[in-house]
Amino acid sequence: MIPIKNEKDLEMLKAAGKILAKIMQRLQECICVGISTGEIDELSEDLVRRENVISAFKGYRGFPANICTSINEEIVHGIPGERRLKSGDIISLDLGINYEGYFSDAAITVAVGRVNSKIKKLIKVTKSALSEGIKQARANNYLSNISYAIGSYVERHRFSVVRQFVGHGIGCSLHEEPEIPNFGRAGQGPILMPGMVLAIEPMVNMGKWESEILDNGWTAVTKDGMPSAHFEHTIAITEDGPQILTA
Ligand code: MG
């Protein structure tokens with residue numbers, strides 16, 4: 001069952017989304033050559049505390065940090081630490097928050113210093129793939145039309161989508177039904193209805209789609225070592241179309 005949120009839930013989720021958007025904006029502004037991922041985590045902790053919310057990731061199945069920081073070939077679930085950003089790197093920042101029992105989840109990929117044109121294209125295509133998916137998040141549409149829109153857009157641009165991780169419903173917990181793959185056929189699965197809240201999150205590889213998990217048990221990397229980008233928004237399905245809560 002995909003939970004349908006009532007008016008009060010939606011108001012709370014909008015607030016949770018707005019707070020997260022503000023935090024992500026601040027984090028994006030702090031990305032620069034020389035900052036360490038541990039420092040980004042400290043900044044996230046500070047921002048989250050100032051907004052009186054809780055990181056939904058810290059302690060989640062034992063995840064040790066507030067935020068996921070994934071560099072270059074790291075796809076998702078990178079663990080912050082000593083590593084410092086260099087010019088030419090890309091970093092994906094993924095953060096979920098809990099605002100009085102209501103969750104929002106968002107991710108962005110940011111270029112560090114000067115990156116080459118193919119990396120710029122990877123970031124642009126991933127961000128646009130998310131927009132393509134969101135356009136399909138309409139009442140009375142099939143869930144899998146979101147997946148198809150993302151996957152086909154990415155493939156048209158000669159990149160590949162990660163299979164191992166998917167988007168998800170969100171609301172009173174971080175992960176709810178349904179799962180939202182970033183690939184697949186159109187016209188399948190449940191019908192979307194007003195009041196559904198979804199975290200849509202394409203992860204796009206410059207090379208092949210295959211991924212693996214590092215020995216730390218968390219960090220997913222591309223098998224071919226090529227870079228990967230990730231964008232995510234929490235959105236609500238309304239009578240008037242998709243509403244991006246984390247914008
Ligand atoms: Mg997510």
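Residues: numbered from 1 along the sequence shown. Counting starts at 1 for both ligands and their atoms, in listed order.
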Subject >> E232, N/O/S atom nearest the Mg ion (ligand 1) >> reply: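 Distance check against the Mg ion (ligand 1) picks out OE2 in E232.
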
Original post:
Centroid-to-centroid, H230 to F165, below 6.0 Å?
Top reply: no

Subject >> Short side-chain to backbone donor-acceptor contact, D41 and N66, under 3.5 Å >> reply: yes

Original post:
Below 2.8 Å, any N, O or S contact between H168 and the Mg ion (ligand 1)?
Top reply: yes

**OP:** To the nearest 10 degrees, calculate the angle at the Mg ion (ligand 1) involving OD2 of D105 and OE2 of E201.
**Re:**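 Result: 170°, to 10°.
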
Original post:
Looking at R156 and E132, does any basic side-chain N land under 4.0 Å from a carboxylate oxygen?
Top reply: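 Judged by the 4.0 Å cut-off on N to carboxylate O distance, R156 and E132 do not form a salt bridge.
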
Subject >> Over-ring placement of K8 relative to Y102, 6.0 Å and 45° cut-offs >> reply: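 Pair K8/Y102 does not count as cation-pi.
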
